[in-house]
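Beneath this line is the structure, given in C-alpha coordinates, with notes to follow.
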Amino acid sequence: MSNIDRLDTFEIACKHFLGDFSKFKDLISTQVQSLDGLEWSFDKGSTKVCSANEKGLKKRCKVGIKYRLQVELSQVDAETIWSEFSQFFGTISLDHIERVSSNEELGRYQFVANNSIGDEVTCDIYLPNEWNIPQIGILGFVAPRYRNVDV
(Lines give C-alpha, C1' and ligand atoms only; values in the text may rest on other atoms or scores of the structure.)
Protein backbone atom coordinates (compact mmCIF):
# COMPACT_ATOMS: atom_id res chain seq x y z
CA MET A 1 0.00 0.00 0.00
CA SER A 2 1.46 3.33 -0.97
CA ASN A 3 0.92 6.41 1.09
CA ILE A 4 2.19 9.51 -0.68
CA ASP A 5 2.04 11.54 2.56
CA ARG A 6 4.84 9.36 3.95
CA LEU A 7 6.91 9.47 0.76
CA ASP A 8 9.15 12.35 1.65
CA THR A 9 11.80 12.08 -1.05
CA PHE A 10 11.30 13.02 -4.67
CA GLU A 11 12.43 9.70 -6.18
CA ILE A 12 10.25 7.53 -3.92
CA ALA A 13 7.20 9.77 -4.34
CA CYS A 14 7.56 9.73 -8.16
CA LYS A 15 7.96 5.96 -8.28
CA HIS A 16 4.84 5.34 -6.19
CA PHE A 17 2.83 8.06 -7.91
CA LEU A 18 3.61 6.67 -11.39
CA GLY A 19 2.73 3.17 -10.21
CA ASP A 20 -0.61 4.27 -8.75
CA PHE A 21 -1.35 6.36 -11.83
CA SER A 22 -0.81 3.34 -14.08
CA LYS A 23 -2.85 1.06 -11.79
CA PHE A 24 -5.80 3.46 -11.99
CA LYS A 25 -5.63 3.56 -15.79
CA ASP A 26 -5.56 -0.26 -15.86
CA LEU A 27 -8.45 -0.45 -13.35
CA ILE A 28 -10.81 1.74 -15.36
CA SER A 29 -9.78 -0.07 -18.55
CA THR A 30 -11.19 -3.27 -17.02
CA GLN A 31 -14.27 -1.61 -15.48
CA VAL A 32 -15.39 0.36 -18.56
CA GLN A 33 -15.94 -1.79 -21.64
CA SER A 34 -15.29 1.14 -24.04
CA LEU A 35 -11.71 1.38 -22.68
CA ASP A 36 -10.92 -2.35 -22.69
CA GLY A 37 -7.96 -3.25 -24.90
CA LEU A 38 -7.31 0.28 -26.18
CA GLU A 39 -3.82 1.78 -26.41
CA TRP A 40 -3.48 4.92 -24.27
CA SER A 41 -0.89 7.57 -25.08
CA PHE A 42 1.44 8.25 -22.15
CA ASP A 43 3.64 11.23 -21.31
CA LYS A 44 6.03 10.70 -18.40
CA GLY A 45 6.06 14.42 -17.70
CA SER A 46 9.06 16.51 -16.80
CA THR A 47 10.94 17.40 -13.66
CA LYS A 48 11.06 21.03 -12.59
CA VAL A 49 13.59 22.41 -10.11
CA CYS A 50 12.51 24.94 -7.48
CA SER A 51 14.57 27.80 -6.06
CA ALA A 52 17.27 26.91 -3.56
CA ASN A 53 16.55 27.09 0.16
CA GLU A 54 18.86 28.82 2.66
CA LYS A 55 21.21 25.78 2.58
CA GLY A 56 21.37 25.79 -1.22
CA LEU A 57 19.20 22.67 -1.58
CA LYS A 58 16.54 22.61 -4.28
CA LYS A 59 13.25 20.72 -4.23
CA ARG A 60 11.99 19.05 -7.39
CA CYS A 61 8.49 18.43 -8.68
CA LYS A 62 7.12 16.33 -11.53
CA VAL A 63 4.61 17.94 -13.91
CA GLY A 64 2.70 16.82 -16.98
CA ILE A 65 2.38 13.11 -16.20
CA LYS A 66 -0.47 12.15 -18.51
CA TYR A 67 -2.48 9.28 -19.93
CA ARG A 68 -4.75 10.25 -22.81
CA LEU A 69 -7.12 8.41 -25.09
CA GLN A 70 -9.51 9.62 -27.79
CA VAL A 71 -12.58 7.48 -27.21
CA GLU A 72 -16.34 7.89 -27.10
CA LEU A 73 -17.62 7.32 -23.58
CA SER A 74 -21.18 7.47 -22.27
CA GLN A 75 -22.61 9.22 -19.22
CA VAL A 76 -22.80 5.79 -17.53
CA ASP A 77 -19.08 5.28 -18.29
CA ALA A 78 -18.29 8.67 -16.73
CA GLU A 79 -20.25 7.72 -13.59
CA THR A 80 -18.36 4.40 -13.37
CA ILE A 81 -15.02 6.21 -13.74
CA TRP A 82 -16.06 8.70 -11.02
CA SER A 83 -16.91 5.85 -8.67
CA GLU A 84 -13.56 4.12 -9.33
CA PHE A 85 -11.66 7.43 -9.13
CA SER A 86 -13.09 8.43 -5.76
CA GLN A 87 -12.50 4.97 -4.27
CA PHE A 88 -9.02 4.40 -5.72
CA PHE A 89 -7.41 7.76 -5.03
CA GLY A 90 -9.07 8.02 -1.62
CA THR A 91 -7.08 4.95 -0.53
CA ILE A 92 -3.65 6.32 -1.51
CA SER A 93 -3.72 9.47 0.62
CA LEU A 94 -4.98 11.89 -1.97
CA ASP A 95 -7.57 12.61 0.67
CA HIS A 96 -9.35 15.55 -0.92
CA ILE A 97 -11.57 14.16 -3.69
CA GLU A 98 -13.77 16.51 -5.69
CA ARG A 99 -16.14 16.22 -8.61
CA VAL A 100 -16.33 19.48 -10.54
CA SER A 101 -19.84 19.28 -11.97
CA SER A 102 -20.23 22.78 -13.43
CA ASN A 103 -19.69 21.64 -17.05
CA GLU A 104 -21.38 18.25 -16.97
CA GLU A 105 -24.39 19.57 -18.88
CA LEU A 106 -21.91 20.16 -21.75
CA GLY A 107 -20.67 16.58 -21.47
CA ARG A 108 -17.44 17.57 -19.68
CA TYR A 109 -16.58 15.76 -16.48
CA GLN A 110 -13.70 16.61 -14.20
CA PHE A 111 -12.57 14.69 -11.12
CA VAL A 112 -9.75 15.97 -8.89
CA ALA A 113 -7.84 14.25 -6.09
CA ASN A 114 -5.11 15.97 -4.10
CA ASN A 115 -3.52 16.13 -0.67
CA SER A 116 -2.16 18.75 1.72
CA ILE A 117 1.36 18.43 0.24
CA GLY A 118 0.08 19.39 -3.21
CA ASP A 119 0.20 16.06 -5.08
CA GLU A 120 -2.70 15.98 -7.53
CA VAL A 121 -4.48 13.82 -10.11
CA THR A 122 -7.13 15.20 -12.45
CA CYS A 123 -9.34 13.09 -14.69
CA ASP A 124 -11.10 14.90 -17.55
CA ILE A 125 -13.75 13.20 -19.67
CA TYR A 126 -15.31 14.79 -22.74
CA LEU A 127 -18.41 13.00 -24.02
CA PRO A 128 -19.13 13.19 -27.76
CA ASN A 129 -21.18 16.20 -28.84
CA GLU A 130 -20.90 19.28 -31.07
CA TRP A 131 -18.54 21.06 -28.62
CA ASN A 132 -16.24 18.22 -27.60
CA ILE A 133 -13.70 15.91 -29.14
CA PRO A 134 -14.57 12.70 -27.23
CA GLN A 135 -11.67 11.71 -24.98
CA ILE A 136 -10.40 10.92 -21.52
CA GLY A 137 -7.27 12.36 -19.94
CA ILE A 138 -5.63 11.65 -16.60
CA LEU A 139 -3.10 14.26 -15.52
CA GLY A 140 -0.74 14.03 -12.54
CA PHE A 141 1.48 16.35 -10.52
CA VAL A 142 4.01 15.34 -7.83
CA ALA A 143 4.52 18.23 -5.39
CA PRO A 144 8.01 19.60 -4.65
CA ARG A 145 10.25 17.41 -2.50
CA TYR A 146 13.96 17.06 -1.84
CA ARG A 147 15.93 14.30 -3.55
CA ASN A 148 17.28 11.33 -1.59
CA VAL A 149 20.82 12.82 -1.62
CA ASP A 150 19.54 16.07 -0.07
CA VAL A 151 17.71 14.47 2.87
In this structure, are over 12 heavy atoms from other groups packed under 6.0 Å from [X] atom [atom1]?
X	atom1	result
Gln33	CD	no
Lys25	NZ	yes
Gln75	CD	no

Is a salt bridge present between Arg145 and Asp119, judged by a nitrogen-to-oxygen distance below 4.0 Å?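 Yes.
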Give a yes or no on whether a salt bridge exists between Glu11 and Arg60, defined as a side-chain N under 4.0 angstrom from a carboxylate O.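 The answer is no: the pair does not qualify as a salt bridge.
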Could you tell me the separation between the [atom1] atom of [X] and the [atom2] atom of [Y], rounded to the nearest 0.5 Å?
X	Y	atom1	atom2	value
Leu73	Ile125	CG	CD1	6.0 Å
Phe21	Phe89	CZ	CZ	6.5 Å
Ser41	Gln135	OG	CD	9.5 Å

Looking only at heavy atoms, which two atoms of [X] and [Y] are closest? And how far apart?
X	Y	value
Lys62	Ile65	CG-CD1, 3.5 Å
Thr9	Arg147	CB-C, 4.4 Å
Trp40	Ser29	NE1-OG, 3.2 Å
Tyr109	Glu79	CE2-OE2, 4.2 Å
Pro128	Glu72	CG-OE1, 3.8 Å
Ala113	Ile97	CB-CD1, 3.6 Å

ILVMFWY network linking Ile138 to Leu38, side-chain heavy atoms under 4.5 angstrom: yes
Between Ser74 and Asp77, does any side-chain donor sit less than 3.5 Å from a side-chain acceptor?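 Present: a donor and an acceptor within the cut-off.
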Between Asn132 and Leu127 (side chain of the first, backbone of the second, donor and acceptor by atom type, cut-off under 3.5 Å), is there such a pair?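 Checking the backbone N and O of Leu127 against the side chain of Asn132, a donor-acceptor pair under 3.5 Å is found.
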Output yes when a side-chain donor or acceptor of Asp95 lies under 3.5 Å from a complementary backbone atom of Asn115, and no otherwise. no
Let's go through Phe24 and Glu84 carefully: what are the C-alpha distance in whole Å and the side-chain angles of both, what is the deciding distance for side chain to side chain contact (heavy atoms under 4.5 Å, CB included) to 0.1 Å, and is it a yes or a no? CA-CA 8 Å; Phe24 176 70; Glu84 297 297 337; 4.2 Å; yes
Check the pair Tyr146, Asp8 against side chain to side chain contact (heavy atoms under 4.5 Å, CB included), reporting the backbone distance first and the verdict last. CA-CA 8 Å; Tyr146 292 110; Asp8 5 350; over 6 Å; no
What class does the angle between the rings of Tyr67 and Phe42 fall in, given that below 30° is parallel, 30 to 60° is tilted and above 60° is perpendicular? tilted
Quick one: sort the Trp82 and Phe85 rings into parallel, tilted or perpendicular, breaks at 30° and 60°. parallel
Measuring only between side-chain heavy atoms, which start at C-beta, is Ile28 closer than 4.5 Å to Ile136? yes
Minimum side-chain heavy-atom gap Thr122-Phe141 below 4.5 Å: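 They are not in contact (no side-chain heavy atoms under 4.5 Å apart), so the answer is no.
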After noting the C-alpha distance and the side-chain angles of Asp124 and Leu139, does the key distance pass the side chain to side chain contact (heavy atoms under 4.5 Å, CB included) rule? CA-CA 8 Å; Asp124 292 301; Leu139 180 66; 5.7 Å; no
Can Arg108 be said to sit on top of Tyr126's aromatic six-ring, NZ or CZ under 6.0 Å from centre and within 45° of the ring axis? yes
